[in-house]
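Okay, structure first, notes after.
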There are 2 protein chains.
Amino acid sequence: MKLDRQQKRTTIYDLAELAGTSASAVSAVLNGNWKKRRISKQLAEKITRIAEEQGYALNMQASLLRREKSHIIGMIVPKYDNRYFGSIVELFETMARDKGFFPLITCTRRDPALEIEAARAMLSYQVDCVIATGATDPDRVTELCAAAGVRTINLDLPGKLAPSIISDNFAGARELTRRILVSCQHRFGSMEPLMFVGGRGGDHNTMERLRGFRQAHADHEIHLDDDRVIACGYAPEKAQSALMERATSGLPFSKGMFVNSTITLEGVLRWVRLAGPVSEQEFALGCFDYDPLVALLGDNIEMVRQDVPAMLARMFELIEHGNFEPNVSEIPPVLR
Amino acid sequence: MKLDRQQKRTTIYDLAELAGTSASAVSAVLNGNWKKRRISKQLAEKITRIAEEQGYALNMQASLLRREKSHIIGMIVPKYDNRYFGSIVELFETMARDKGFFPLITCTRRDPALEIEAARAMLSYQVDCVIATGATDPDRVTELCAAAGVRTINLDLPGKLAPSIISDNFAGARELTRRILVSCQHRFGSMEPLMFVGGRGGDHNTMERLRGFRQAHADHEIHLDDDRVIACGYAPEKAQSALMERATSGLPFSKGMFVNSTITLEGVLRWVRLAGPVSEQEFALGCFDYDPLVALLGDNIEMVRQDVPAMLARMFELIEHGNFEPNVSEIPPVLR
DNA sequence: AAATCTTGCTTCATCGATTGAGCAAATGCG
DNA sequence: CGCATTTGCTCAATCGATGAAGCAAGATTT
């Protein structure tokens with residue numbers, strides 16, 4: 001890799017030499033506490049000018065080595081390429097910056113090994129705090145970080161060892177299910193039990209959404225068999241092939257479907273396309289996730305939007321109050 | 001901010017003490033060149049074991065301070081919350097990691113000031129290289145980095161001072177326009193001139209796409225007035241209000257539209273919704289961008305997918321060959 | 001047996017910024 | 001004028017990891 005530096009970087013010692021002063025004075029001026037260190041205004045201005053002329057950039061590595069807190073805040077995220085996590089990451093960066101943190105983000109593509117590796121890398125970079133978003137094994141991350149004295153917060157998926165901020169999956173799923181059922185009633189004249197597609201049976205969110213899904217059926221006194229639930233994972237391909245199999249299996253099939261994320265929705269729609277004569281107009285879909293373009297194009301697709309701004313606001317609140325008790329904050333999602 | 005470290009971190013000195021050896025030996029063992037430094041296998045194993053027991057994590061700040069290359073590779077990106085940039089960032093991270101780099105990514109929300117600030121922060125973190133993706137002023141970034149001896153590469157939008165990797169916007173736009181025109185022919189029986197919505201008149205991609213747009217009209221001998229072009233920026237709100245105005249302005253309006261990104265498409269579709277009786281079925285849309293859900297749901301929406309894997313492959317090729325000549329690589333986009 | 005080589009470590013300076021301690025000159029006070 | 005205080009700065013240790021240089025003990029050669 002030919003990435004050799006072109007020239008040596010300017011340091012505070014170079015600046016000190018040019019200004020005819022000491023590195024210590026330069027440091028004090030450039031990091032803003034020259035008043036506290038009783039540097040004269042003249043010298044401060046001179047140093048600032050020379051630093052600018054020389055295009056000086058602080059060596060963060062050296063600086064952080066001396067300081068106790070890095071103000072780096074790490075976030076581990078399963079995917080970028082998705083409107084939900086994309087908006088989490090984008091807003092997280094903005095808010096972190098506003099609050100004086102330096103955000104360090106890593107995408108783990110739902111790979112548990114990468115999650116741990118990423119956490120380890122963050123510890124090496126001396127992060128002050130790690131946010132584990134949608135982590136497969138958040139407690140593992142918490143343990144690892146705790147060993148280095150670093151606090152963690154879980155986002156989107158909860159853990160037992162650190163505070164967790166998640167959507168109110170039960171209430172959201174119950175209401176979403178209700179809406180799909182109503183839509184079935186309107187469009188097909190009857191309320192059949194729905195199918196539940198996507199997610200992992202073991203993950204907390206899927207379990208809670210299933211509970212809401214079941215509750216909504218119970219609310220309408222609709223009997224729901226367990227075999228209507230297809231928790232085949234989130235990936236589009238898995239949903240697609242699961243539906244393919246299902247359709248040819250002889251098991252009962254529903255026109256109404258609860259889809260567990262836009263990622264999964266992609267697979268469901270692809271299946272609809274391939275399924276031939278039937279268009280998505282023939283289905284009543286609901287998705288526990290939000291995508292503005294789907295909201296505009298999918299006429300029969302109900303959506304639940306997780307309240308990302310509220311979740312992140314709550315997260316920074318916890319950080320600011322130093323509240324790291326392992327309890328769960330449930331944020332109500334938004335239905336359009 | 002209550003993010004105080006819980007306990008002191010384990011250092012190589014602690015490990016040295018525990019192992020009854022020197023910090024230097026510990027360092028040699030843990031960074032893998034103990035053979036070169038002639039440390040015995042026994043001691044190496046002992047140190048490794050103790051390091052593991054203690055949950056030791058390298059202090060990257062200290063390590064980087066000593067090394068000449070950081071192997072950190074920075075990327076500046078305008079948005080995360082978008083399928084195109086989302087996939088760029090996700091694939092960039094994966095590829096960078098595979099090639100032994102540590103990816104550091106910052107989102108600037110198309111704010112030129114933030115772009116510069118982000119570049120400066122990256123220099124502070126001693127990045128070996130900066131990728132400016134879709135930057136408003138890539139040359140400014142290149143100049144800033146060059147002053148610190150750091151190379152840059154432009155992605156998505158070209159600059160004059162560093163190598164640039166962009167889509168073949170002209171060819172892509174020409175073909176996309178052709179397809180929209182053909183679709184108009186099929187669906188409405190005639191080929192009217194299309195409208196061009198979104199993008200900034202000054203940006204290279206928009207200019208090239210406009211050139212392709214015009215060429216395709218010329219190919220079909222369709223006269224195109226300049227007032228069919230609405231380069232109102234990328235933001236959905238801007239496109240929406242621009243179309244609103246346009247519709248009531250008395251200027252000619254087309255059923256066929258070339259939309260400059262999925263971000264802009266959001267505004268166009270929102271306008272279609274509000275425009276009342278007319279549904280998007282009444283339009284022939286084409287979008288210079290790709291979103292899998294739009295591809296599935298938007299029956300009348302042609303899409304051009306920029307070839308992100310090819311662009312990034314080319315980018316890492318440049319890095320590996322140390323090729324930092326300021327020339328432009330055009331990557332053909334993919335039409336479905 | 002002396003000379004040389006090899007093995008397996010340790011010592012110490014270094015990277016660049018930070019900060020407590022210290023010191024000389026200027027100023028204030030009685 | 002003499003002493004205390006304030007002002008404006010410098011010195012030097014330090015953060016943790018790295019690696020060149022050095023050194024002692026054992027192995028090998030002549």
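Each chain gets a letter, A, B and so on, in the order the sequences are listed, and its residues count up from 1.
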* Qualifying ring pair (Phe, Tyr, Trp, His ring centres under 6.0 Å) pairs with a residue from residues 102-137 of chain B, counting only residues at least two apart or across chains ->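 The answer is Phe102(A)-Tyr125(B), Tyr125(A)-Phe102(B).
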
Could you check how far [atom1] of [X] sits from [atom2] of [N], rounded to whole Å?
X        : N       : atom1 : atom2 : value
Asp14(B) : dC15(D) : CG    : P     : 11 Å
His71(B) : dT18(D) : NE2   : P     : 12 Å
Arg66(A) : dA17(D) : CZ    : P     : 15 Å
Ile12(A) : dC11(D) : CD1   : P     : 13 Å
Tyr13(B) : dA17(D) : OH    : C1'   : 6 Å
Arg67(A) : dG16(D) : CZ    : P     : 15 Å
Asn59(A) : dC15(D) : CG    : P     : 18 Å
Leu65(A) : dA17(D) : CG    : P     : 9 Å

For residues [X] and [Y], determine if any side-chain heavy atom of one lies less than 4.5 Å from a side-chain heavy atom of the other.
X         : Y         : value
Glu117(A) : Asp111(A) : no
Leu58(A)  : Leu30(A)  : no
Ile153(A) : Met315(A) : yes

In a table with atom names and distances, give each donor-acceptor pair under 3.5 Å that connects a side chain of residues 85-96 of chain B to protein atoms at least two apart or in another chain.
unit_1	atom_1	unit_2	atom_2	d
Ser87(B)	OG	Arg83(B)	O	3.1
Ser87(B)	OG	Tyr84(B)	O	2.9
Glu90(B)	OE1	Tyr80(A)	N	3.0
Glu90(B)	OE1	Asp81(A)	N	3.1
Glu90(B)	OE2	Lys79(A)	NZ	2.8
Glu93(B)	OE1	Cys107(A)	N	3.1
Glu93(B)	OE1	Arg97(B)	NH2	2.8
Glu93(B)	OE2	Tyr80(A)	OH	2.4
Glu93(B)	OE2	Cys107(A)	N	3.1
Thr94(B)	OG1	Arg109(A)	NE	3.3
Thr94(B)	OG1	Glu90(B)	O	2.9

Let me check something: any side-chain donor-acceptor pairs from residues 36-44 of chain A under 3.5 Å, sequence neighbours excluded? List them with distances.
unit_1	atom_1	unit_2	atom_2	d
Ser40(A)	OG	Leu43(A)	N	3.3

* Give the minimum heavy-atom separation between Met60(A) and Gln61(B), together with the two atoms involved. =>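 Result for this residue pair: O-CG, 4.5 Å.
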
Residues in side-chain contact (heavy atoms from CB on, under 4.5 Å) contact with [X], at least two apart in sequence or another chain:
X         : value
Thr142(A) : Thr152(A), Asn154(A), Leu161(A), Ala162(A)
Thr108(B) : Ile76(B), Thr106(B), Leu114(B), Glu115(B), Ala118(B)
Ala62(B)  : Leu65(A), Asn59(B)

* DNA chain D contacts among residues 21-39 of chain B, heavy-atom distance under 4.0 Å ->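 Hits under 4.0 Å, by residue number: Ser24(B), Ser27(B), Asn31(B), Asn33(B), Arg37(B).
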
* Mind running a 4.0 Å heavy-atom check of residues 41-52 of chain B against DNA chain D and sending the residues that fall below it, in number order? =>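 Those residues: none at all.
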
* To do: Describe the nucleic acid contact of Leu64(A) in one word from base, sugar-phosphate, nothing, applying a heavy-atom distance below 4.0 Å.
  => nothing

* Structure fact -> By salt bridge (Lys or Arg N to Asp or Glu O under 4.0 Å), Glu53(A) pairs with (sequence neighbours left out) Arg49(A)

* Who passes salt bridge (Lys or Arg N to Asp or Glu O under 4.0 Å) against Arg314(A), sequence neighbours left out? ->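 Per chain and number, Arg314(A) pairs via salt bridge (Lys or Arg N to Asp or Glu O under 4.0 Å) with Glu317(A).
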
* On DNA chain C, check which nucleotide each of Ser40(B) and Met60(A) is closest to and give me the residue with the more 5' one. => Ser40(B)

* Give the angle between the helix axes at the two ends of the helix from dA1(C)-dT30(D) to dG30(C)-dC1(D), taking five base pairs at each end and rounding to 10°. =>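 Roughly 50°, once rounded to the nearest ten degrees.
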
* Mind checking which nucleotides bracket the chain B contacts on DNA chain C, 5' to 3', with an atom under 4.0 Å from a heavy atom? ->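 Footprint of chain B along DNA chain C, 5' to 3': dT7(C) to dG16(C).
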
* **Flag if over 12 foreign heavy atoms under 6.0 Å of CZ, Arg67(A)** =>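 Enclosed: over 12 neighbouring heavy atoms sit under 6.0 Å from CZ of Arg67(A).
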
* **Arg120(B) atom CZ: more than 12 heavy-atom contacts under 6.0 Å** => no

